[in-house]
Amino acid sequence: RKEVEQDPGPFNVPEGATVAFNCTYSNSASQSFFWYRQDCRKEPKLLMSVYSSGNEDGRFTAQLNRASQYISLLIRDSKLSDSATYLCVVNSAGNKLTFGGGTRVLVKP
Amino acid sequence: DTAVSQTPKYLVTQMGNDKSIKCEQNLGHDTMYWYKQDSKKFLKIMFSYNNKELIINETVPNRFSPKSPDKAHLNLHINSLELGDSAVYFCASSRRRDGELFFGEGSRLTVL
């Protein structure tokens, strides 16, 4: 099993719709969780951290489910500019931050 | 001012050559990293330094050698380049080991 796994997508989302996707992790001792966003041919940038109590930032909501070992990202009222690859990041053994393979989201008019 | 800057942005070279990529951060962070993103877009950590000390050294061929002259700089030297080394190499820094990563713009290496 990979340390961090994501559905690669793409998720084709009509503008204004809601999209949600998960990321599973294998190390039950992981303590830090993040969602990063990567645009085509650009560097990854932090979208939001994921706390045990969840985290909401505008149209974006992240949740952590420790029992099932996954984190989720929900995007409400999708904008064309939300089209990107969303990378899940989890700290694993040795305090190493491990990236998932990314979930591609395409928002269409 | 760019927070994490790496040079060169593009590098095209022949198999067997030796090349270096330089990285500098002006954020005052203690930890710096090299990540490799291959054609399938997987981002994999290669090395991590904390205050000039190597703390993460993944299974990377010993043709790759990182060097950190001070905590603001982390360079990557690659010997005897192979076709499979073609990728985008990202430098990153963070305030602490499991904190937010700040990435440079990437260095796209193409080995012919």
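Values below: all heavy atoms of this structure, side chains included; hydrogens, waters and symmetry mates excluded. In this text, all values refer to a predicted model and were calculated from it rather than measured experimentally. Per chain, numbering begins at 1; letters A, B, ... match sequence-line order.
To the nearest 0.5 Å, atom NZ of residue Lys45(A) and atom CD of residue Glu100(B) are 11.0 Å apart. Taking OG from Ser94(B) and CG from Leu97(A), the interatomic distance works out to 7.0 Å, rounded to the nearest 0.5 Å.
Within the 4.5 Å cutoff, no side-chain heavy atoms of Lys42(A) are placed close to those of Phe103(B). Between Phe42(B) and Leu87(A) there is no side-chain heavy-atom pair separated by less than 4.5 Å. Residues Tyr36(A) and Leu43(B) fail the side-chain proximity criterion, which asks for heavy atoms closer than 4.5 Å. The side-chain heavy atoms of Gln38(A) and Lys41(B), taken from C-beta on, include no pair separated by under 4.5 Å.
For Trp35(A), the ring pair (Phe, Tyr, Trp, His ring centres under 6.0 Å) partners two or more places apart in sequence, or in a different chain, are Phe21(A).
Atom NZ of Lys44(B) has 12 or fewer neighbouring heavy atoms from other residues, nucleotides or ligands inside a 6.0 Å radius.
Under the 4.5 Å side-chain heavy-atom criterion for grouping Ile, Leu, Val, Met, Phe, Trp and Tyr, Ile78(B) is connected to Met46(B) within one hydrophobic cluster.
Of the listed residues Gly102(A), Ser49(A), Pro8(A), Ser32(A), the one with more heavy-atom pairs under 4.5 angstrom with chain B than any other is Ser32(A). Chosen from Thr85(A), Leu46(A), Asn91(A), the residue pairing most often with chain B at heavy-atom distances under 4.5 Å is Leu46(A).
Only the side chain of Tyr35(B) has a heavy atom closer than 4.5 Å to any heavy atom of chain A.
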